[in-house]
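FYI, side chains are in, hydrogens and waters are out, and symmetry mates aren't considered; it's all heavy atoms of this structure.
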Amino acid sequence: MAISYIHLFILSFISISRFLVISKAGAESELVADLLTLQSQSESGVIHLNDRTVSKFITSTKIPRPYSLLIFFDAIPLHDKSDLRLPVLVHDFALVASSFIANHNGSNTKLFFCDLEFRESQSSFKLFDVNSLPNIYLVGPDAESLKDDTEQMEQSGFTRLTESLVEFIESRTQLTVGPIHHPPIISKKQMVLIIGFLLIWSPFAARKIFAGETMFHNPKIWLSGAIFVYFFSVSGAMHIIIRKMPMFLMDREDPNKLIFFYRGTGIQLGLEGFMVGFLYTIVGLLLAVVTHVLVYVKDLKTKRIGMLFSIFVSFWAVKQVIFLDNWKTGYAIHGFWPSR
């Protein structure tokens, strides 16, 4: 009789254990299904969270969770702050999210991209102890304390968010993001309209070309284009476009003050680059005047005045660029006069 009670107790314990395991698995699968539903409802695949859903998917869920959440912290009222670049960062975050989902054919259940907006989720901001923006946190399966157990992305990574975010995800989650699918610059409808316009315009363009009446037959156009290419190259405009650098920054200590020159290596503001490009362009134009104009001047006095003026202005312009480089980097460039 005692043995029968023991067997009955063991069978009951096994049944209860199986029931608890099945219940836990069912609850976890239900949470994953809800996340997949929210992900499919978002155009970019980024799930919009609030205090209620943070409680549902993070704080009220037992660990280990069957998924990780990558959360971008946002504040719509701060989108007009050009130094934060929040709209650009939101776009890059959504680009990585949509590329990750597309590369995994929408079947990934290990990592979900989310965002939190400050006005809707102030309590969640306090749980993560987020006091500044931009910020990205990774909530892993075993994260219990949102303040101590989550992983924060370094602020230096926001300069090139797309590449840095891919490295952050792959190093922390051991998942492969895959190639980033940038949207096409021109849509299919725009491409059809452009091709149609070119087909209609091509006969008229051919007649102009053979008659030599196009703008490309004008030497002034080529001269202006050469100056533009020179300015574009020496001003660092390509760096500004690729890095999406702002033209200027707002001074955090004095909101009415603008910052046009940023002290530090690796960062160049738009107007700062254009100013340096303008100085270099002056030197290049003066050199062109000396080599292509002054050599044909017959008056010796005028030629000397032009030479001295070109040397003085070029020396001043290069000196300003060197001074700016010394101020930004801290590395001084010293000039040396020839000794006797």
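At a threshold of 4.5 Å between side-chain heavy atoms, the hydrophobic network of Ile, Leu, Val, Met, Phe, Trp and Tyr places V290 and V297 in one connected group. Linking ILVMFWY side-chain heavy atoms closer than 4.5 Å, directly or via other members, places F197 and M191 in a single hydrophobic cluster. Under the 4.5 Å side-chain heavy-atom criterion for grouping Ile, Leu, Val, Met, Phe, Trp and Tyr, L95 is connected to F72 within one hydrophobic cluster. One hydrophobic cluster holds both V96 and L175 under the rule that ILVMFWY side chains link at heavy-atom gaps under 4.5 Å. Clustering ILVMFWY residues whenever any of their side-chain heavy atoms sit less than 4.5 angstrom apart, transitively, puts L285 in a cluster other than the one holding I221.
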Between E120 and H48, does the side chain to side chain contact (heavy atoms under 4.5 Å, CB included) criterion hold? Intermediate values first, please. CA-CA 10 Å; E120 303 174 354; H48 182 68; 2.5 Å; yes
Step by step, would you call N50 with T53 a side chain to side chain donor-acceptor pair (under 3.5 Å)? CA-CA 5 Å; N50 51 36; T53 50; 3.0 Å; yes
Side chain to side chain contact (heavy atoms under 4.5 Å, CB included) between T61 and K56, worked out: CA-CA 7 Å; T61 304; K56 176 180 178 181; 6.0 Å; no
Walk me through whether F93 and F113 qualify under ring-ring contact (aromatic ring centres under 6.0 Å, His included). CA-CA 9 Å; F93 185 81; F113 292 76; 5.6 Å; yes
With side chain to side chain contact (heavy atoms under 4.5 Å, CB included) as the criterion, how do I169 and L111 come out once you've worked through the C-alpha distance, each side chain's angles and the decisive distance to 0.1 Å? CA-CA 9 Å; I169 293 172; L111 177 66; 3.6 Å; yes
Step-by-step side chain to side chain contact (heavy atoms under 4.5 Å, CB included) determination, I71 to I136: CA-CA 6 Å; I71 304 177; I136 292 178; over 6 Å; no
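S55 and S60 share a side-chain donor-acceptor pair at under 3.5 Å.
Counting only distance, with no hydrogens or angles, the side chain of E154 and the backbone of S156 share no donor-acceptor pair below 3.5 Å. Remark: side-chain polar atoms of S40 are paired, donor with acceptor, to backbone N or O of T37 under 3.5 angstrom. Side-chain atoms of D325 do not come within 3.5 Å of backbone N or O of V321 as any donor-acceptor pair. Proximity of a side-chain donor or acceptor of S202 to a complementary backbone N or O of L199 within less than 3.5 Å is detected. Looking at E144, its side chain never comes within 3.5 Å of a backbone N or O of P64 through a donor-acceptor pair. Not one N or O on the side chain of S314 forms a donor-acceptor pair closer than 3.5 Å with the backbone of I311. With S164 contributing its side chain and L161 its backbone, the two residues share no donor-acceptor pair below 3.5 Å. Looking at S98, its side chain never comes within 3.5 Å of a backbone N or O of G45 through a donor-acceptor pair. No donor-acceptor pair closer than 3.5 Å links the side chain of D74 to the backbone N or O of L116. Listed for the E117 side chain is a donor-acceptor partner under 3.5 Å among the backbone atoms of I76.
The ring-ring contact (aromatic ring centres under 6.0 Å, His included) pairs that include a residue from residues 123-143 are F73-F125, F73-F128, F73-Y137, F118-F125, F128-Y137, where partners are two or more places apart or lie in different chains. Judged as a salt bridge (charged side-chain N to carboxylate O under 4.0 Å, His left out), the pairs with a partner in residues 270-295 (not counting sequence neighbours) are, in order, E272-K328. Annotation: salt bridge (charged side-chain N to carboxylate O under 4.0 Å, His left out) contacts involving residues 85-103, sequence neighbours excluded, comprise D92-K244.
The ring pair (Phe, Tyr, Trp, His ring centres under 6.0 Å) search around F112 returns none, not counting sequence neighbours. Applying the salt bridge (Lys or Arg N to Asp or Glu O under 4.0 Å) test to R207 and every residue at least two apart in sequence or in another chain returns nothing.
No side-chain heavy atom of K81 sits less than 4.5 Å from a side-chain heavy atom of L86. D115 places none of its side-chain heavy atoms less than 4.5 Å from the side chain of L49.
The CD1 atom of I200 sits 12.0 Å away from the CD1 atom of I195 when rounded to the nearest 0.5 Å. Once rounded to the nearest 0.5 Å, the distance linking CG of L31 with CD1 of I58 reads 11.0 Å. Atom-to-atom distance recorded for S310:OG and L287:CG is 9.0 Å, nearest 0.5 angstrom. Taken to the nearest 0.5 Å, the CG atom of L133 stands 9.0 Å off from the NE2 atom of H79. Atom-to-atom distance recorded for D51:CG and L127:CG is 8.0 Å, nearest 0.5 angstrom. The CZ atom of R172 sits 11.5 Å away from the OG1 atom of T150 when rounded to the nearest 0.5 Å.
Salt bridge R65/D142: absent, no basic N to carboxylate O contact under 4.0 Å.
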When the side chains of residues 223-230 are checked against the rest of the protein, which donor-acceptor pairs come out under 3.5 Å, sequence neighbours left out?
{"unit_1": "S224", "atom_1": "OG", "unit_2": "K220", "atom_2": "O", "d": "2.9"}
{"unit_1": "Y230", "atom_1": "OH", "unit_2": "Y280", "atom_2": "O", "d": "3.2"}

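Classification of the H104-F100 ring pair by plane angle, with boundaries at 30° and 60°, yields tilted.
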